[in-house]
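Step one of this worksheet: look at the structure below.
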Amino acid sequence: MRILAIGECMAEMAPTDAPSTYQMGFAGDTFNTAWYLAQLTPETPLSYFTAVGDDAISSRMLGAMRESGINTQQVRIVPNRSVGLYLITLNNGERSFTYWRGQSAARLLAQDKQALAHAMMQSDLIYFSGITLAILNPEGRAALLDVARSARRGGKRIAFDPNLRPHLWDSSSEMTENIMQAAAVSDIALPSFEDEATWFSDKNPAATLQRYARAGAETIVVKNGAETVLYRTRGAEGSVHVPPLASVVDTTAAGDSFNAGILAGLATDTPLPDSIALACKLAGHVVQGKGALVPINQSLLDSCP
Ligand code: ADP
């Protein structure tokens, strides 16, 4: 199975122990998922679809992707644009994020509909998120959903994490409408209950699950922080216990790494409850480290399907 992740990767400036000194890295929700996925199933062909600029930082980003085992052949190069950037500020141990991404090349990733369709043709499982949609203009969103709908009709599987980020949208109604349009073209929905409850008024994780089932997703996995994960696949429902953790250092990329566990399971035909158990183990490891990309140890990789 060939996997394609679609979205925005940004340059990250993270504070180091030395005063006023930052370390540069690369991260972004769908990219984080691809980064973990490349390690979980290195034998699965994995591509990232985005747009970057034609400058030095864009080339470095593509180099970092390739070094992580992610194919970048489908990435669009947009002249006179660059990649988005965010800076992390630490205040008494709490991380806050400042973004410069309004003019990023990735906002134009759906401008060339044919390139998008071509990338999807080359894959079997296509993954994108609510953030992927949020950064596009209405024409770009329509193009992405249109191409995904056709790909699905042609037998491709579409996986979607709503990843609700209200500040990236003009209004909450624009966000919820677009999210449910994306859900309607998806086979696999990977929502997080807390955000869904806030923006869709779901009373409990079962209500979240039912809403995505009604939208047409065949497989739904509802994440809920330290609480039990609820799932439904081909009509069968169940839940998976989340192993408790002694400490949580930083929840950045908890959901992104979790999704990598689920996609790795799909790529290897693993039963969904086993994939969820792996996803919880990986996400549990990630929240005990700092930053979005936490190195994975061998014992975790050995437990992969
Ligand atoms: P998101 O990052 O999308 O909001 P969640 O917060 O629901 O997602 O977390 C995703 C997964 O990360 C959970 O299903 C769980 O496996 C793991 N996780 C997150 N927080 C904790 C925690 N406090 N203890 C144990 N596991 C956690």
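FYI, side chains are in, hydrogens and waters are out, and symmetry mates aren't considered; it's all heavy atoms of this structure.
Under the 4.5 Å side-chain contact rule for hydrophobic residues, Trp199 and Leu190 do not share a cluster. Each of Val185 and Ile188 belongs to its own hydrophobic cluster when Ile, Leu, Val, Met, Phe, Trp and Tyr are linked at side-chain heavy-atom distances under 4.5 angstrom. No continuous path of hydrophobic side-chain contacts links Phe49 to Met10 [ILVMFWY only; heavy atoms under 4.5 Å]. Using a 4.5 Å cut-off between side-chain heavy atoms of Ile, Leu, Val, Met, Phe, Trp and Tyr, with links allowed through other members, Met61 and Ile57 fall into the same hydrophobic cluster.
By the 4.5 Å heavy-atom criterion applied to side chains, Leu37 and Thr44 are not counted as neighbours. Counting heavy atoms from C-beta on, the side chains of Val52 and Thr72 never come closer than 4.5 Å. Phe128 has its side chain out of reach of Leu4: every pair of non-hydrogen atoms, C-beta onward, lies at least 4.5 Å apart. Taking the side chain as every heavy atom from C-beta outward, Gln288 and Val294 never approach each other to under 4.5 Å. Looking at Arg157 and Thr219, their side chains come closer than 4.5 Å, going by heavy atoms from C-beta outward.
The side chain to side chain donor-acceptor pair (under 3.5 Å) search around Lys113 returns Asp146, not counting sequence neighbours. Qualifying side chain to side chain donor-acceptor pair (under 3.5 Å) partners for Asp29, counting only residues two or more places apart in sequence or in other chains: Ser129, Asn163. Thr252 is linked by a side-chain contact (heavy atoms from CB on, under 4.5 Å) to Arg95, Phe97, Asp250, Ala292, counting only residues two or more places apart in sequence or in another chain. Judged as a side-chain contact (heavy atoms from CB on, under 4.5 Å), and not counting sequence neighbours, the contacts of Trp100 are Leu85, Leu87, Thr98.
Applying the 6.0 Å contact sphere to CG of Asp170 captures no more than 12 heavy atoms from other residues, nucleotides or ligands. Other residues, nucleotides and ligands place no more than 12 heavy atoms under 6.0 Å from the CD atom of Gln114. The neighbour count for Glu174 CD, taken as heavy atoms of other residues, nucleotides or ligands under 6.0 Å away, is above 12. Counting heavy-atom neighbours within 6.0 Å of Glu194 CD, excluding the residue itself, gives a total of 12 or less.
Listed for the Arg81 side chain is a donor-acceptor partner under 3.5 Å among the backbone atoms of Gln103. Counting only distance, with no hydrogens or angles, the side chain of Lys156 and the backbone of Met121 share a donor-acceptor pair below 3.5 Å.
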message: Go through it in stages, so that I can follow the logic: the residues are Asn91 and Ser96, the test is side chain to side chain contact (heavy atoms under 4.5 Å, CB included), and I'd like the CA-CA distance, side-chain angles, deciding distance and then a yes or no.
response: CA-CA 8 Å; Asn91 210 342; Ser96 67; 5.8 Å; no
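Under a 4.5 Å side-chain heavy-atom criterion applied to ILVMFWY residues, the cluster that includes Leu108 comprises Val78 as well.
Relative ring orientation between Phe31 and Tyr48 is described as perpendicular, the plane-to-plane angle rising above 60° on a 0-90° scale split at 30° and 60°.
Asn259 pairs with exactly one of Asp161, Asn32, Thr30 by the side-chain hydrogen bond (donor to acceptor under 3.5 Å, both in side chains) rule, that one being Asp161.
In this structure, Tyr127 has its ring center no closer than 6.0 Å to that of Phe160.
Counting only residues at least two apart or on different chains, no salt bridge (charged side-chain N to carboxylate O under 4.0 Å, His left out) pair has a member in residues 65-75.
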